[in-house]
Amino acid sequence: MDEGSFSRVGVVGLGTMGAGIAEVLARGGLAVVGIEVNQDALERGRGHLEGSTGRAVKRGRLTEDAQREILGRVALSTDFADLGDCDLVIEAVPERLDLKRKVFAELDRVCRDDAVLATNTSSLSVTDIAVTTGRPTKIVGVHFFNPAPVMKLVEVIATVLTEPDAVARVAALVKGLGKTPVTIGDRAGFVANRLLFGYLNQAAGMLESGHATRDDIDAAMKAGAGLPMGPFTLMDLIGLDTCLEVLDAIYAESRDRRHAASPVLRELVTAGLLGRKTGRGFYSYDASGETEGAADEGAPPVVGIVGVGPLADALAALCDRAGAQVR
Ligand code: CAA
């Protein structure tokens with residue numbers, strides 16, 4: 001089977017992840033049907049799609065014609081019946097099992113019998129979703145990473161019930177979209193989150209215990225470990241509610257204290273401070289999404305150097321070049 005075995009793909013839920021997935025599919029030349037619960041949510045989804053492709057146009061990565069073509073491939077609707085002729089539907093609604101089961105019951109009803117149904121869940125069991133449908137052999141997980149248009153990895157999850165052909169077709173589709181598929185079984189955290197969240201949670205624990213500041217931990221991992229973002233910037237990007245859900249799910253399976261969510265994370269989620277999407281998490285963001293009050297903003301830092309000699313001179317020159325005030 002090749003990626004050409006799917007030509008019309010539905011996406012249910014057009015939040016950050018769903019809209020990103022719809023964009024990836026449309027960029028890959030597929031006809032996409034995007035579904036949301038109501039007109040307001042649909043307009044927000046349209047906004048995500050226009051914003052993300054618009055950013056690519058501004059950066060000179062996409063022509064306006066190509067943007068129009070991509071957006072033209074995405075049909076938006078609030079009616080599940082419009083998914084009737086899709087070969088594959090990817091669900092990306094909020095991470096609640098009752099909600100996902102409801103969506104899958106509806107998909108089961110409106111989709112062709114041979115259609116493959118996929119969930120983008122990052123914390124729920126794909127098997128739990130599959131067993132409530134009338135077609136458990138055709139249920140897979142397709143786990144994209146945030147931001148979906150940028151991140152290359154897509155985890156393709158097979159339950160013990162999934163037919164191998166459905167998994168192979170979805171993995172081929174992912175590859176055809178220019179992404180890297182990794183095919184795995186249904187275990188909490190799959191591969192990437194199982195490893196990543198032990199680290200993110202430990203960063204939150206280090207902040208909690210006063211081991212280092214938010215900015216210093218972020219700076220250390222960015223400058224010292226070559227990561228594109230420090231752990232707090234990344235958690236804010238992922239969404240602290242999602243981080244907590246992922247950690248709770250992994251902990252429920254692993255019982256490993258590395259995955260026992262740090263209290264500060266739970267506290268922020270309870271307070272509704274969910275990261276970028278709510279304007280505040282570990283950092284605060286202005287309306288354009290820029291970070292406010294991070295360490296590298298505002299007045300230059302003042303560095304005092306005690307002592308004289310070549311080393312002190314070299315240090316002073318280094319700090320001066322980095323924009324610090326040297327005393
Ligand atoms: N949508 C579309 N494109 C985006 C984007 C978005 N939300 N954010 C950034 N981009 C694009 C930019 O347009 C830019 O594209 P070009 O190079 O083609 O011009 C490129 O990404 C780089 O963006 P920026 O220059 O603005 O910023 P950056 O260099 O700091 O990169 C980043 C931003 C790609 C997000 C980068 O910081 C990064 O890779 N961070 C780590 C992200 C990560 O680890 N994600 C996984 C989280 S775990 C997860 O998602 C799983 C889960 O289940 C929770």
Side-chain angles (χ1 to χ4, degrees), residues 13-27 44-45 47-63 66-67 70-71 90-95 119-126 141-157 177-180 182 184 186-201 203 218-219 221-223 225-250 259 261 265 269 274-277 281 283 285 288-291 294 296:
L14 297 172
T16 315
M17 289 311 293
I21 295 168
E23 179 185 333
V24 171
L25 294 165
R27 276 175 178 263
R44 273 197 300 277
H48 283 309
L49 282 162
E50 288 174 352
S52 177
T53 51
R55 179 210 303 237
V57 171
K58 255 195 226 124
R59 288 181 161 245
R61 305 285 192 195
L62 201 65
T63 64
Q67 181 192 23
I70 291 168
L71 296 176
I90 301 172
E91 162 279 312
V93 304
E95 293 281 272
T119 173
N120 180 55
T121 186
S122 49
S123 58
L124 300 170
S125 149
V126 181
V142 269
H143 184 218
F144 284 77
F145 288 73
N146 189 3
V150 182
M151 304 306 287
K152 289 281 181 217
L153 178 66
V154 179
E155 293 173 322
V156 180
I157 297 104
L177 294 169
K179 302 280 187 192
T180 304
V182 169
I184 42 179
D186 189 19
R187 291 286 179 278
F190 311 130
V191 172
N193 282 351
R194 189 85 172 213
L195 289 168
L196 177 65
F197 277 78
Y199 149 72
L200 292 178
N201 195 37
D218 265 3
M221 294 315 288
K222 211 176 149 190
L227 298 176
M229 290 179 157
F232 297 106
T233 312
L234 181 56
M235 284 188 273
D236 274 0
L237 174 78
I238 294 169
L240 303 190
D241 50 344
T242 304
C243 291
L244 188 59
E245 282 156 2
V246 171
L247 278 167
D248 283 347
I250 301 177
H259 305 131
L265 196 55
V269 172
L274 308 182
R276 264 174 195 277
K277 61 186 167 188
Y283 291 91
Y285 302 86
S288 65
E290 290 300 313
T291 315
D296 58 351

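We're numbering straight along the sequence, starting at 1. Indexing begins at 1, ligand by ligand and atom by atom, following the structure's order. What you are looking at is a predicted structure, and each value in this text was computed from that prediction instead of being measured.
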Excluding sequence neighbours, so at least two apart, what forms ring-ring contact (aromatic ring centres under 6.0 Å, His included) with His259?
-> none

Does Arg276 reach the main-chain N or O of Gly289 with its side chain, forming a donor-acceptor pair under 3.5 Å?
-> yes

Residues passing the side-chain contact (heavy atoms from CB on, under 4.5 Å) test with Thr233, sequence neighbours excluded, are Asp218, Met229, Tyr283

Rounded to the nearest 0.5 angstrom, the CD1-CG distance for Ile90 and Asn120 is 7.5 Å

With sequence neighbours excluded, residues passing side-chain contact (heavy atoms from CB on, under 4.5 Å) with Ala192 | Phe145, Leu153, Glu155

Run through all N or O atoms in ligand 1 and write down each protein N or O closer than 3.5 Å, as a pair with its distance.
| residue | atom | partner | partner atom | Å |
| --- | --- | --- | --- | --- |
| ligand 1 | 17 (O) | Arg61 | NH2 | 3.4 |
| ligand 1 | 18 (O) | Arg61 | NE | 2.8 |
| ligand 1 | 19 (O) | Arg59 | NH1 | 2.9 |
| ligand 1 | 19 (O) | Arg61 | NE | 2.9 |
| ligand 1 | 19 (O) | Arg61 | NH2 | 3.4 |
| ligand 1 | 25 (O) | Arg59 | NH2 | 3.0 |
| ligand 1 | 26 (O) | Arg59 | NH2 | 3.0 |
| ligand 1 | 45 (N) | Asn146 | O | 2.8 |
| ligand 1 | 50 (O) | Asn146 | N | 2.9 |
| ligand 1 | 53 (O) | His143 | NE2 | 2.7 |
| ligand 1 | 53 (O) | Asn193 | ND2 | 2.9 |

Has Lys222 got more than 12 heavy atoms of other residues, nucleotides or ligands less than 6.0 Å from its NZ?
-> no

